[in-house]
Structures are given as C-alpha cells and as structure tokens.
Amino acid sequence: DVSGKGVPAALFMMKAKTQIRDYLEAGMELGEAIENVNRQLVDGNEAGMFVTAWVGVLDYGSGRVDYVNAGHNPPLVWQSAAQEQDGSVQLASWRWLTEKSGIPLGLFEDLPYMVYSVECVPGDTFLLYTDGVTEAMNVEGELYGEDRLEALVNEDVSLHPRALVTRVRAGVAAHAVGAEQSDDITILALEVGVPPEEKVVLVVPADMDELDRVNDFIHAELDRRLCPVRVQRLLDVAVEELFVNVCSYAYEGQDPEIARTVRVTQAISVEPPSITVELIDGGVPFDPLAKPDASMVDEFAGDSDEFDEGLGILLAKKIVDEMRYERIDGCNVVTLVKRW
C-alpha cells in the first residue's frame, strides 16, 4: 500500500511490485530480496514516498509460508491446528500474524528485514488487506477496526476465498454506508492446498435473444463437472430472471452510444461443489433485491406486470443458496451462488 495519491504514487507502487517480483523470481532469499527492494526504492526518492508490504512465499510441497511484513497491516490466518510459542496447540481459529519485519519500504536504506514462517496444512487460509478496510469510517467518523474484522470472519469459518473476500467487502460497505470512501481497499484471500476456482467470462449484448447463449455457456462447465440436472434447471430459472431484468431496465433511457452489454462470469469451486455466477452491467444504478421478501407480494399486487417481476425475483432468491447485489466501479453486479 503506497503513500500518497495520483500518478506519482501509482508509479512508485509499480516500481515496488516490479522489484519484488524480479528479485524473488531470480531465486533470492526472501529477506535479502526485500532488503534489495528497499534499497532500490530509497534511491532517488526525493519525495519521501513509502510502501507498506506483506510479502509471502508458499512452498507447495511442505505447506510452509515464509513472510516479511514491512510496516503493513497484520493479516489474519485460519489454521486447523496452530503451534503457539509456549508449545501449546490452538485448534481451528483465526489469529493475527502480528510480527513486524521492519519499517515500510523506501524510507531508509541498508535496513534488515526479518523473515517469519507459518507451517500450514491444506485448508489453512490467509486474509490480507490494506488499511482501507480497517480504517473505513462511517458517517459518525468511527473506524471499522480490527475487532469488527475479526468478529466478521469468525461468523462463518467455512467460507472459501471468493466468499470470504465478498463477505469482508460487504461488511466494510455496510459499516461505511452514507460516508465517502476515504482510502483504497484491497483484499486478498488464499486457501492453502485447495484447487483454485476456475473462472471464465462471457460478454453478450443486453438482449433477451442472448439468453440461450448464456445458458449454454454456464451448462458446458456444469455438465463437465457432473452437476445434477435438477440443480442446473433451478439455476436456469434464477439466471433467466436476472438476465431479463438487466435487458429490460439497465440501459433504459441511456445514451444509445453506450455499449449495452452484460458480462457473465462463472467460477466453479471444488469443495464444496458450487458455482458462482455474476451478471455485470454498466447501466443505471438498480438493485433488484432491494425490496424485502415479506412485503413483495403485497406491494406488487396492484400492478400485474410488477407483480410478476416481484415474484420472479423472490423465486430466484429462494432457489439459489446466495444472492447479492453491489454497485462497483459504476457497474451493477448481481451474484448468484448455487451448491450441490
């Protein structure tokens, strides 16, 4: 996380990332690599910029993670069994990696950076973030803080990386609703020893005639994964409802020159078997999930068209395991999760 804003900060960040990657890919020991990166960033840094960094190297064979923390926020790690310094074993919990290897990079040259290690087994999970998460403020100026973050991740320790990142992002957004975002937010989750999700993307015109193409795109991967037909049919209903909703309303009244497209992404998770589908459009802000379920039928009953639409969204919400809406970078993002 680089100090400052704008082009100078972006260039300084790019230099730091390039240096870290180049030294590590050259096979240099982690501590020595970070010391060299720091030296390169100090050179010519008349503006006094700096970068906080948490840099980790995972050994796939042993499961060990070596890491350096150069003034960055402490990550959280979930481990099925963690060895404490006093020799005791702490089972199945999130804990903070509070060790600091040195100060942020770019301030003073010829400083050592201590390397620490964590022994991991398959399923252990790291959650890393920038201070835009813990320092997000609500309208009263209250920070989100580490305590809220820890409580949030402990609500459901079964979440895999994609769902974990989404949960944290939603928690921060809920805390800061109504307040202007004060800092950039970056979140990274890594689950050790678990096959990664496979994410693929399809971009189609926002036209209901494209629905078959969207369904074929989703079915191809689900068939390969032997997803039950019953599950696929339920997912079809939910995807159709939301895709038609985008086609009907997202670009209504918009400039005809605007690209009217829907970006469909799908990611398959192996354990537990599930599919995450995102429908993304660049239309006007619109949350199709905004109305409470309990009041939908009564509120829509006065108009037959709105009644049908309200029931359609309600049905879609009931037949998938998760459904959520976000407005991200000027786009509407609706996410569906279906497990089997």
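Predicted, not measured: the structure shown is a model, and the values here were computed from it. Counting begins at 1 with the first residue of the sequence. Excluded from the calculations below are hydrogen atoms, water molecules and symmetry mates; all remaining heavy atoms, backbone and side chain alike, are included.
Side chains of Tyr129 and Ile185 form no contact here, defined as non-hydrogen atoms less than 4.5 Å apart. Here the side chains of Ile313 and Glu241 are in contact, with some heavy-atom distance below 4.5 Å. Under the 4.5 Å side-chain criterion, counting only non-hydrogen atoms from C-beta, Gln79 is in contact with Cys120.
Checking side-chain atoms of Asn138 against main-chain N and O of Val177 turns up no donor-acceptor pair under 3.5 Å. In this structure a side-chain-to-backbone donor-acceptor pair under 3.5 Å is missing from His219 to Val214. A side-chain donor-acceptor contact under 3.5 Å links His175 to the backbone of Glu142. The main-chain N or O of Val121 is found under 3.5 Å from a side-chain atom of Asp124 such that the two form a donor-acceptor pair. No side-chain donor-acceptor contact under 3.5 Å links Arg169 to the backbone of Ile187.
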Take Glu221 and Arg225 through the salt bridge (Lys or Arg N to Asp or Glu O under 4.0 Å) test and state the conclusion after the steps. CA-CA 6 Å; Glu221 186 62 24; Arg225 301 296 186 115; 2.9 Å; yes

Salt bridge (Lys or Arg N to Asp or Glu O under 4.0 Å) between Asp281 and Arg263, worked out: CA-CA 6 Å; Asp281 69 77; Arg263 187 170 184 258; over 6 Å; no

Going through the distances and angles, do Arg324 and Glu322 end up as a salt bridge (Lys or Arg N to Asp or Glu O under 4.0 Å)? CA-CA 7 Å; Arg324 54 185 177 269; Glu322 297 178 39; 3.0 Å; yes

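With Trp94 as reference, Val153 is the one residue of Val77, Val153, Leu152 to meet the side chain to side chain contact (heavy atoms under 4.5 Å, CB included) rule.
Annotation: Asp329, atom CG; neighbour count of heavy atoms from other residues, nucleotides and ligands within 6.0 Å does not exceed 12.
A parallel orientation is assigned to the rings of Tyr67 and Trp54, their planes being inclined by less than 30° (bins at 30° and 60°).
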